[in-house]
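We're numbering straight along the sequence, starting at 1.
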Amino acid sequence: MKFPKVVPYYFGFDLSTQQLKCLAINDKLKIVHSETIEFDTELPHYHTEKGVYINGGRVESPVAMWLEALDLVLTKYQNAGFPFEQVHGISGSCQQHGSVFWTPEADNLLYNGVAIGTGNSLLEQVGPNALSRPTAPNWQDHSTSNQCQEMENIVGGPVRMANLTGSKGHLRFTGPQILKIAEEEPQAYNSTGSITLVSNFLSSILCGELFPLEEADACGMNLYDIRNRRLDPSLLELIDGVNPKALQTKRLLDKLKGEPIKSENSARPLGVIGNYFVEKYKFPINCNIFPFTGDNLATICSLPLEKNDILVSLGTSTTVLLVTDQYHPSPNYHLFTHPTIPGEYMGMICYCNGSLAREGVRNELNQDGSNDWTLFNEAVMDPSVNTSNELGIYFPLGEIVPSVNATIKRVIFDETSGEIQQEIEQFTDKRHDAKCIVESQALSCRVRIAPLLSSTRSSINHPSMGQSVSFDYDKNTPLETYLEKRPQRVFFVGGASKNDAIVNKFAEVLGATKGNYRLDTPNSCALGGCFKALWSDLIGKNVIDSSFDRFLQQHFDWNELEHICDSDTDQWASYTNKIVALSQLESAL
Ligand code: ADP
Ligand code: XUL
C-alpha cells in the first residue's frame, strides 16, 4: 500500500509567491507525498503573472487565489488516496512580509465557515466579506520609500531601526506597507478589523480563528522590538496617528491581535483543524495546527543547524542564513528571532550579485556564447593562476552588501600588509577574474558573518595583525576579530552549489571547522514546516522533551547531505591580507 494507514503523518505547507505546496512526511522524517498548485497555470482566472499583479512599484497577490489553492491542493491529496485521518499535525511556512487585511466580520465568518462549517468551497465559506482588501502586498513591492523614511525618522535613523527591529527600514517590510495603506487607503484601513502576515493567515484559515503573529516572522515587519520582545509602541503610535478615525475604532496592536506568539511557545498548538476540513477531507478532529513561520525561517528548520552553522544559497542571488546567539544587528542584513530555539536568532544576508555576476566572467572566458563552466572552473582550481596579491569586486548590478551602485574594480595589494598598491583596468589574464570573483564573493560572506558567530579560536600570527578594518557600519574593528570566528559547518544549496570549483573555493575561504556539505532540495521550506509539526506533536504527547535542534540532530537522515570537503586552516588563514585589501577597496567605493 502506498500510504500505510497505521503511520502518523505530518503536513508542511509552503505558500510562496508562485505556488502553494503541501508536503507530507511520516514519523521517521521521510517525505511520503507532495502536491503543488501553480497559481498562474492552475488558477488562471486570477490573471496573475508569476503569482502577482504588478502596477508600478506596487506588487500584490489576490488573497482569494490562496483560498482556492488550499482546497485544490488538498483535493489533489484526496485524489491520490492520502489517508487524511492519519495526519497528526500541520505547520508550514509562507512568503515573508505579505499582509492580509480582514474585516471586523472575519472572526465570525471564519468561525462559522471553517471552525464549524461544512460543505461548499473555502472561498464561498469565508467569502470576500472577510477581507477589507482583496489583495495582499507582496515582498517584491517597492512602493513604500516615504513610509520607510517616516518610520526611520521616528526611531532615529537606519542604524537605530536595525538595532530595534533587526533590520533597517525595508520597502517590503510589513510596517511600512501597513503605514502606506493607512495613509493612502483610509477607507480600507478604517474598515480593517485585523491584519495578519501570510503565515498566520494560513494557520488561521486552517483552524477557523484569527491568531496573532508568530514571533520570528513578526521580525520581518520593522515593528517588532526584538530585544524587548514586544511591538514597538512608538512605531505603532505612528501608524495609529495617521488616521484619528481608525484610532477611535481599533488600534494597530489590536488589529494585530496583540503581541506575537513567542518562540518558546512555538510547539504549542494554536488549535485543532476546522470542521470544514474534517468533514470535507476527513482530517481527524484532533489534528493540531502549530504556528506557521516565514519561508526563510522554515528553511533553517529543515536542517539540523546549530549555532555557528551557516547555509549558503548560491541561487540567482546569494543568500546566507545562519543561526546565532549574537544579537549584532546591522542595517546591511537582517536578524530574526529563531522560530523554534528560544534565545537564538536567524541572520540573513542577501547579495544581489551572485550567479549572474559569475556568469558574466564565465562568458568573457568562453567567448563562444556557450554556458559551459569548464574554463571558468579550471581557472578557479588552477594553482598557477596566482591571485595572492590580487583582488577584484564584480557588481554588474547595484549591490546590497556593501550598499553601492554597479561597479567592477580590480586592485593589486601588498601581500605582506594587505595595503592596496594600485587599481588596474584588467588583470594580465581573464582567468584571474574567475578566481578573483569567487574569492571576493566568499570573502565578503566571511567578513559579514563574522560578527554573528561566537568565538571559536584564534592562534594565528600574521604580519597584518594590529591593523583595523571597516565593513559597512562596523568601523575600525581590529583585524583579529575576524580571525577568532569560524563557522562550524557550511551547507550549500541552490543552482551553483552543483559546481565543485565554486563550492570548494567558498569552503576554503569560509573555513568551516566541521566540514562543508551540499544539499539538493527543492522542498526546504515545506520540509521545515513538516519537521516542526512532528517535533511539536511529539512534545505535546510527552514522547520527547528535547529542543528542536537536538531532536533534528538525532533524527535527521545525514545521508540526505553530501559531504563535500573539510576546510584547511592554513588556507583559511592565507586570506587574512585579502580582508585588509577588501576593507580598503570597499571603503573607497
Ligand atoms: P533561483 O535563485 O532563481 O531559485 P537557482 O538556485 O536555480 O535559482 O540558481 C540558478 C543559477 O545557478 C543560475 O543563474 C546559474 O548561473 C547557476 N548555476 C546552475 N548550474 C551551475 C553550474 N554548474 N555552475 C555554476 N553555476 C550554476
Ligand atoms: C525575505 C524575502 C523573500 C520572501 C520570499 O526577506 O523578502 O525571501 O520571503 O518568499
We want to know whether Asp141 and Ser143 form a side-chain donor-acceptor pair, criterion being a heavy-atom distance below 3.5 angstrom.
yes

Is there side-chain contact between Asn516 and Phe492, with at least one heavy-atom pair below 4.5 Å?
yes

Worked check of side-chain hydrogen bond (donor to acceptor under 3.5 Å, both in side chains) between Tyr224 and Glu215:
CA-CA 9 Å; Tyr224 192 60; Glu215 185 178 22; 2.7 Å; yes

Residues passing the salt bridge (Lys or Arg N to Asp or Glu O under 4.0 Å) test with Glu259, sequence neighbours excluded, are none

Assess whether side-chain hydrogen bond (donor to acceptor under 3.5 Å, both in side chains) is satisfied between Asp217 and Ser199, documenting all intermediate values.
CA-CA 8 Å; Asp217 209 17; Ser199 51; 2.6 Å; yes

Heavy atoms, side chains only, cut-off 4.5 Å: are Val242 and Leu179 in contact?
yes

Decide side-chain hydrogen bond (donor to acceptor under 3.5 Å, both in side chains) for Trp535 and Thr340; before the verdict, give the C-alpha distance in whole Å, the side-chain angles of both, and the deciding distance to 0.1 Å.
CA-CA 10 Å; Trp535 168 73; Thr340 49; over 6 Å; no

Contact summary for Ser203 and Phe292, nearest pair of heavy atoms:
CB-CD1, 3.6 Å

What pairs of donor and acceptor atoms, side-chain ones from residues 79-90 against any protein atom, are under 3.5 angstrom apart with sequence neighbours left out?
from: Asn79; atom 1: ND2; to: Thr75; atom 2: O; distance (Å): 3.4
from: Gln86; atom 1: NE2; to: Lys5; atom 2: O; distance (Å): 3.0
from: Gln86; atom 1: NE2; to: Val7; atom 2: O; distance (Å): 3.0
from: His88; atom 1: ND1; to: Lys541; atom 2: NZ; distance (Å): 2.8

CE-CG distance between Met346 and Leu452, expressed to the nearest 0.5 angstrom:
11.0 Å

Check: Leu552 and Leu303 side chains under 4.5 Å, non-hydrogen atoms
no

Least distance between heavy atoms, Pro291 atom then Ser266 atom
CD-O, 3.4 Å

NZ/NE/NH1/NH2 to OD/OE distance under 4.0 Å, Lys532 and Asp537
no

Name the orientation class of the two ring planes belonging to Phe3 and His33 (parallel below 30°, tilted from 30 to 60°, perpendicular beyond 60°).
perpendicular

Would you say that more than 12 heavy atoms from the other residues, nucleotides or ligands in this model lie under 6.0 Å from the CD of Glu237, or not?
no

Name the residue from His97, Gln95, Arg172, Glu60 that meets the side chain to side chain donor-acceptor pair (under 3.5 Å) definition with Asn138.
Gln95

Please identify each residue that fulfils side-chain hydrogen bond (donor to acceptor under 3.5 Å, both in side chains) with His142, with sequence neighbours left out.
none

Taking Asp520 first and then Lys498, would you say they form a salt bridge - that is, a charged N and a carboxylate O separated by under 4.0 Å?
no

Close side-chain approach of Pro176 to Asn222, heavy-atom, < 4.5 Å:
yes

Pi-cation contact, Phe101 with Arg133 (under 6.0 Å, within 45°):
yes

Run the salt bridge (charged side-chain N to carboxylate O under 4.0 Å, His left out) test on Lys257 and Asp107 for me, step by step, so that the C-alpha distance in whole Å, both residues' side-chain angles and the decisive distance to 0.1 Å come before the verdict.
CA-CA 11 Å; Lys257 300 271 167 199; Asp107 296 274; 2.9 Å; yes

Does CD in Glu49 sit with more than 12 non-hydrogen atoms of other residues, nucleotides or ligands closer than 6.0 Å?
no

Below 4.5 Å, heavy atoms only, C-beta onward: do Trp102 and Ser132 meet side chain to side chain?
no

Can you list the steps and then say if Glu214 with Lys262 is a salt bridge (charged side-chain N to carboxylate O under 4.0 Å, His left out)?
CA-CA 7 Å; Glu214 180 265 350; Lys262 301 272 190 295; over 6 Å; no

Is any side-chain heavy atom of Ser93 closer than 4.5 Å to one of Phe13?
no

When the ring planes of Trp558 and Phe556 are compared, do they come out parallel, tilted or perpendicular, using 30° and 60° as the limits?
perpendicular

When rounded to the nearest 0.5 Å, the distance separating CG of Asn108 from CG of Leu110 is 9.5 Å

Selection residues 112-121 - residue pairs positive for side-chain hydrogen bond (donor to acceptor under 3.5 Å, both in side chains), sequence neighbours left out:
Asn120-Gln125, Ser121-Glu124

Of all pairs that satisfy salt bridge (charged side-chain N to carboxylate O under 4.0 Å, His left out), the ones with a partner from residues 16-40, not counting sequence neighbours:
Lys30-Asp557, Lys30-Glu560

So that I know where these two stand, are Tyr327 and Tyr345 an aromatic pair - ring centroids less than 6.0 Å apart?
yes

Looking at Val114 and Leu206, what are the two nearest heavy atoms and their distance?
CG1-O, 4.2 Å

Which value, rounded to the nearest 0.5 Å, describes the distance between Thr36 atom OG1 and Asp14 atom CG?
8.5 Å

Can you confirm whether Leu223 sits close enough to Leu231 that some side-chain heavy atom of one is under 4.5 Å from a side-chain heavy atom of the other?
yes

Under a plain distance cut-off of 3.5 Å, with no hydrogens placed, do Asp71 and Tyr276 share a side-chain donor-acceptor pair?
yes

Between the CG atom in Asp295 and the CG atom in Leu297, the distance rounded to the nearest 0.5 Å is 8.0 Å

For Arg229 and Glu264: C-alpha separation, side-chain torsions, deciding distance, then whether salt bridge (charged side-chain N to carboxylate O under 4.0 Å, His left out) applies.
CA-CA 12 Å; Arg229 304 188 76 185; Glu264 46 271 43; 2.8 Å; yes

Throw together a table of side-chain donor-acceptor distances under 3.5 angstrom for residues 543-551, partners on residues two or more places apart or in other chains.
from: Ser547; atom 1: OG; to: Asp549; atom 2: OD1; distance (Å): 2.7
from: Ser547; atom 1: OG; to: Arg550; atom 2: N; distance (Å): 3.4

Provide the closest heavy-atom pair for Ser99 versus Pro137 in the form atom of the first, atom of the second, distance.
O-CD, 3.3 Å

So how far is it from Phe290 CZ to Arg268 CZ, rounded to the nearest 0.5 Å?
12.0 Å

CD-CD1 distance between Glu42 and Ile37, expressed to the nearest 0.5 angstrom
4.5 Å

Side-chain heavy atoms of Glu68 within contact of Tyr46, under 4.5 Å
yes

